[in-house]
Every structure is written in structure tokens, then in C-alpha cells.
Amino acid sequence: MTPSRSRRVAQRVVRSGLTEQVYEALKAEIINDEFAAGERLIIDQLAQRLEVSATPVREALARLAGQDLVLVEPYVGYAIAPPPTVDELAQMFEAREAIEVFAARLACERMDDAGILGLREINARIVSRNYGGARYDDFADFISDNQEFHELLVAGARNESLQKAFRALNYDTRIALVTRGRGIPDLDEIYKDHEKIITALSKHSAASAEKAVVAHIRQGSRRLLSEFRSEEAKPRR
């Protein structure tokens, strides 16, 4: 490799790492509700505050827009996206169920032992961590691990279209927005539900896998939607 090419590769790696850091910083601030919905995001101002150039900020914002955390309007710029409504959350859970149930049925036929082991390792990691607070920083590991578990489950179907559909839901970021201030109160139930899914997959039982996935998703849906509807029903001062 020539010296000039080596320098170019190094520059791309450093820039990529910087973009990731800016992305993570802004993502945490958005999920922690440090911006108001609809608030404009000025690239130069963010770059100055974060002490970086405009390029990694612009790249980070584009990525956040793809995850429904910020809105982008051509020739205007970026703004904070509003949190999902109760109806949007309900639709997301319905879509999740449709995708994951079918994926689980296929995974019973197509997932190999390595995939099963991977699910077990992720679930063990989930239950072993300490999620002590209600800020995103406190439960970010859970959001990441839980997303990885469900992505691996869907990947077990060996169907790229299903994987794309699941990723397009942006479930991890949407669920982080609605769990901020709450933390993860039902960790034991999540762990047990995951274990039932893993057991069904290991036994190649499509019926059991479908039942376990439906129960898991609907339990989470009922809890979150019930909390949100109760909040909406409270009189505003």
C-alpha cells in the first residue's frame, strides 16, 4: 500500500469514528428529551457546541432522520421529530407482530444451532445487566441488546425482505423515546418471554414459536399503550 493511500484510509476511519460519536451524543440528547419537538437543529451551532466540523454533524443528522428521530425538509434543514402517538405505537406493534410471527415460523425450519446459541447469549446478557435509571444512558444497553435479539430472530428466517421490513420499523429508537423516564420495569418478564421463544425455536415448533412471539409482543404493547392512554386521559393544568 502506498503512503498516500494509507493516509486516505486513515482519514476515512477517523472521520467515520467521529460521525459515530456525534450520532451517539445527539441521539442520547434527543431521547433524553433535551430538545423540544419541532425545534430546529442548526448544523453550525451543533458543530460549534460539539467542537467538530459540520461534516460529521450533517452525516449524524442524516442517520437520525433515517431513524425517525429528526425530520428533514429540503432547503430548510433538520428539526426534532415529535414522539410517536398512541396510534402510531399501536400500528408499530401490529407490524412487529406480523413480521416476527412469520419470521419465527420460518426460523423454526431455517435457523441453525449458531443462531439459537446467539439468542441465548443475548438473553443472558440482557438479564445480567444493571439498568439503574430512567435516562437513556441508563438503559441504552438494554435497547441495543433487545434490538439485537429480535433482529437475530428475524434473520433466522433467512429472508432479506423480512429483515429490511423489520429494520424499517425503527423499533429500537421509537421504543427508547417512549421508555425515557420509565426505565425497564418488566425485565424479568422480557427475559422469560425470550426464553420461551428460544425453546420453541430449538424444538422446531412453529406453533409454539408463533404463540410465544405473539404473547411477548402483545404483553409489551398492552403495557405501553395502557400507560400512554392513562396519561392522555389526565386533565391538563
In one Ile/Leu/Val/Met/Phe/Trp/Tyr side-chain cluster, 4.5 Å: I197, V127:
no
Of all residues at least two apart in sequence or in a different chain, which pass the salt bridge (Lys or Arg N to Asp or Glu O under 4.0 Å) check with D193?
none
Pair listing, salt bridge (charged side-chain N to carboxylate O under 4.0 Å, His left out) test, anchored in residues 163-178, at least two apart
D68-R174, E160-R167
For a quick test of reading the model, state the closest non-hydrogen atom pair linking Y78 to A65 and the distance between them.
CE2-CB, 4.3 Å
Decide, yes or no, whether a salt bridge links R40 with E73 under the criterion of side-chain N to carboxylate O below 4.0 Å.
no
Mind checking the OH-CZ spacing from Y171 to R96? Nearest 0.5 Å is all I need.
4.0 Å
Partner set under salt bridge (Lys or Arg N to Asp or Glu O under 4.0 Å) for R158, not counting sequence neighbours:
D112
If you round to the nearest 0.5 Å, how far is CD of Q147 from CZ of F142?
10.5 Å
Just to verify, what does A155 make a side-chain contact (heavy atoms from CB on, under 4.5 Å) with, not counting sequence neighbours?
Q163
Supply the atom-to-atom distance L117 CG to I122 CD1, rounded to the nearest 0.5 angstrom.
9.5 Å
Gap between atom CD of E148 and atom CG of N123 - 0.5 Å precision:
11.5 Å
With a 4.5 Å heavy-atom cut-off, do Y23 and L64 have their side chains touching?
yes
Can you sort out the partners of R110 under salt bridge (Lys or Arg N to Asp or Glu O under 4.0 Å), two or more places apart, ordered by chain and number?
none
Where do I80 and A36 come nearest, in terms of heavy atoms and distance?
CB-O, 3.4 Å
In terms of heavy-atom contacts, does CD of Q219 have more than 12 from other residues, nucleotides or ligands at under 6.0 Å?
yes
Taken in chain and number order and not counting sequence neighbours, the residues that satisfy side-chain contact (heavy atoms from CB on, under 4.5 Å) with A200 are S208, A209
Closest non-hydrogen atom pair between L201 and A107, with its separation:
CD2-CB, 3.8 Å
Those residues at least two apart in sequence (or on a different chain) that pass salt bridge (Lys or Arg N to Asp or Glu O under 4.0 Å) with E34 are R135
side-chain contact (heavy atoms from CB on, under 4.5 Å) with R120: which residues, sequence neighbours excluded?
I116, E195, I198, S202
Looking only at heavy atoms, the pair that brings L26 and A60 closest together is CD1-CB, 4.5 Å
Closest non-hydrogen atom pair, V70 against L61
CG2-O, 3.5 Å
In short, N32 meets Y136 closest at the heavy-atom pair OD1-N, 2.8 Å
Donor-acceptor contact present, side-chain S128 to main-chain R125, <3.5 Å
yes
Indicate, with yes or no, if V214 and L225 share a hydrophobic cluster defined by side-chain heavy-atom contacts under 4.5 Å among Ile, Leu, Val, Met, Phe, Trp and Tyr.
yes
Give me each pair satisfying salt bridge (charged side-chain N to carboxylate O under 4.0 Å, His left out) with a member in residues 203-221, each pair once, sequence neighbours excluded.
E97-R218, R105-E210
Set of residues satisfying ring pair (Phe, Tyr, Trp, His ring centres under 6.0 Å) with respect to F149, sequence neighbours excluded:
H194
Linking Ile, Leu, Val, Met, Phe, Trp and Tyr by side-chain heavy atoms under 4.5 Å, what else ends up with I99?
F102, L106, V154, L162, F166, L169
Tell me whether I175 is reachable from V86 by hopping between hydrophobic residues (I, L, V, M, F, W, Y) whose side-chain heavy atoms are closer than 4.5 Å.
yes
To the nearest 0.5 Å, tell me how far I143 CD1 sits from I31 CD1.
7.5 Å
One thing to verify: whether R223 and E189 come together as a salt bridge, which I'm taking to mean a side-chain N less than 4.0 angstrom from a carboxylate O.
no
By side-chain contact (heavy atoms from CB on, under 4.5 Å), T173 pairs with (sequence neighbours left out) K27, Q67, L69, N170
Can you tell me how far CG of L119 sits from CG of L152, rounded to the nearest 0.5 angstrom?
4.0 Å
Heavy atoms, side chains only, cut-off 4.5 Å: are E94 and I217 in contact?
no
Taking M92 as the starting point, is it possible to reach L71 by hopping between hydrophobic residues whose side chains are less than 4.5 Å apart?
no
